[in-house]
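Naming: A, B, ... by sequence-line order, numbering from 1 per chain.
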Amino acid sequence: MHVSVQREDFDIAAEISTLTAGDRDIGAVVSFTGLVREMTPKGPISEMALEHYPGMTERALEEIAAQAQQRWPLQGLRIIHRHGPLAPGDRIVLVLTASRHRQAAFEAAEFLMDYLKTKAPFWKKEGDGGKARWVDARDSDDNAARRWGGEGT
Amino acid sequence: MHVSVQREDFDIAAEISTLTAGDRDIGAVVSFTGLVREMTPKGPISEMALEHYPGMTERALEEIAAQAQQRWPLQGLRIIHRHGPLAPGDRIVLVLTASRHRQAAFEAAEFLMDYLKTKAPFWKKEGDGGKARWVDARDSDDNAARRWGGEGT
Amino acid sequence: MQVLYFAWLRERVGAAAEEVDPGDAATARDLVERLIARDDRYAAAFCDLAAVRVAVDQEMGDLDSPIDGAREVAFFPPVTGG
Amino acid sequence: MQVLYFAWLRERVGAAAEEVDPGDAATARDLVERLIARDDRYAAAFCDLAAVRVAVDQEMGDLDSPIDGAREVAFFPPVTGG
């Protein structure tokens, strides 16, 4: 199972252990963890809610995972994305890649995050105790995804 | 403390917790873990020994860490490198980077690994139960380090 | 046809999902026009079409995607996960 | 002056460290020549100078690095950690 969309937190060490268990041909494991930042361009926040599109989210992440596996020789790959209410400091997303060599593991992890940021149906709403506002998509994320070529963002 | 050179194994989750504790402005944490592979270009191995240059190793890693901190806006950085006897599947090295955004965290982690591979005084000796042989340096590592510019490898 | 709304589109429409008769709408854009004609809430939700993304049967598409035979059409803003 | 050897250089020399009088050796290369003249073990260790790396007082250098006043000179193959 490559992809999980869940409300619950995740355990990075346990996920790495599961991913690498029994495979002694893995030389490189890269993890990316995304966290909720307290300070945003529009001021500090006290909470965040992550909405998603059940069904399509899993399909989009599986599709992104399949593309990464076609592009790089990966021994393992894992995506966990949370939804629901979160607070500053909370983990949002985990991407893990395992390969023989570090270049494939690094590149695949960056690709997964760039594509996830532009293709997976999640929407963040930030609150500061009073007002809540939907987060705008960032042009820099579109540009990051575009560098991998393919069918665009 | 950025750098540890030690015989003991390390705990990735504990290291990430320590690195990010109390800083709610971290949005991205990247980890790289290097593992001993059983299969090498010269056949399967049953053990590996990592020799290093006590004193210079720590200095070289601190210098590499300082360069990464000058180049990227990092909230945290950690390098752990093991020495002594190891076996296939064992962890060798951990690099952690924490930043506001993912690009800096990814790039700094790749830079740290590329520089560590060419500038930190470690030497691997692989054994298959009978013979033991020193591992040759790889041209691809020199090339990887060169892409960051600066004073070369 | 099931029509879904997410994020601020959901809030402006005032519903997460609803059954809509697409009539002779051939594309997602035709469907939007049909909805706008129905109620002001849709006019508010779809006032800036450049900020609207579309999925047809859970596949990313755009306003010109055909919706003929689709079971599920979703409208939402650009995604902001990760 | 303390001279250190690592990996297969250490094995061929048969010592990890030794005290060496550098005499009038100005560079690491001069020191290597002085060592080779001393014993065949050094000739074996330093037979391929392209594969020899140098650190002077724990700073990476090369065979042309000056060693005047250095406390510690180390010889080793290209590094293979990580």
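The environment of D/D48 atom CG is dense: over 12 non-hydrogen atoms of other residues, nucleotides or ligands sit within 6.0 angstrom. Within 6.0 Å of atom CG in D/D68, 12 or fewer heavy atoms from other residues, nucleotides or ligands are found, so the atom counts as exposed in its surroundings. Other residues, nucleotides and ligands contribute at most 12 non-hydrogen atoms within 6.0 Å of the CZ atom of D/R71. No more than 12 heavy-atom neighbours from other residues, nucleotides or ligands sit within 6.0 angstrom of CD on B/Q103.
Relative orientation of the D/F76 and B/W123 rings is tilted, given thresholds of 30° and 60° on the angle between their planes.
Among all heavy-atom pairs drawn from B/P121 and D/V79, the shortest one is CA-CG1, 3.6 Å. A pairwise comparison of heavy atoms in D/M60 and B/K119 identifies CE-O, 3.5 Å as the closest pair. For the pair D/T80 and B/V135, the tightest heavy-atom approach, listed with the atom from each and the gap, is CG2-O, 3.3 Å. When every heavy atom of B/W134 is checked against every heavy atom of D/E11, the shortest pair comes out as NE1-OE1, 2.8 Å.
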Residues B/E51, D/R10; criterion side chain to side chain contact (heavy atoms under 4.5 Å, CB included); working and verdict: CA-CA 11 Å; B/E51 183 170 333; D/R10 171 178 56 72; 2.5 Å; yes
Let's go through D/E72 and B/M56 carefully: what are the C-alpha distance in whole Å and the side-chain angles of both, what is the deciding distance for side chain to side chain contact (heavy atoms under 4.5 Å, CB included) to 0.1 Å, and is it a yes or a no? CA-CA 11 Å; D/E72 187 172 303; B/M56 180 170 167; over 6 Å; no
Would you sort out whether D/L4 and B/Y53 count as a side chain to side chain contact (heavy atoms under 4.5 Å, CB included), showing the intermediate values? CA-CA 9 Å; D/L4 309 182; B/Y53 184 167; 3.4 Å; yes
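Residue B/K125 touches chain D through its side chain alone, counting heavy-atom pairs closer than 4.5 Å. Neither the backbone nor the side chain of B/H83 comes within less than 4.5 Å of any heavy atom of chain D.
Judged by distance alone, with hydrogens and angles left aside, the side-chain atoms of B/K124 form a donor-acceptor pair with the main-chain N or O of D/G82 at under 3.5 Å.
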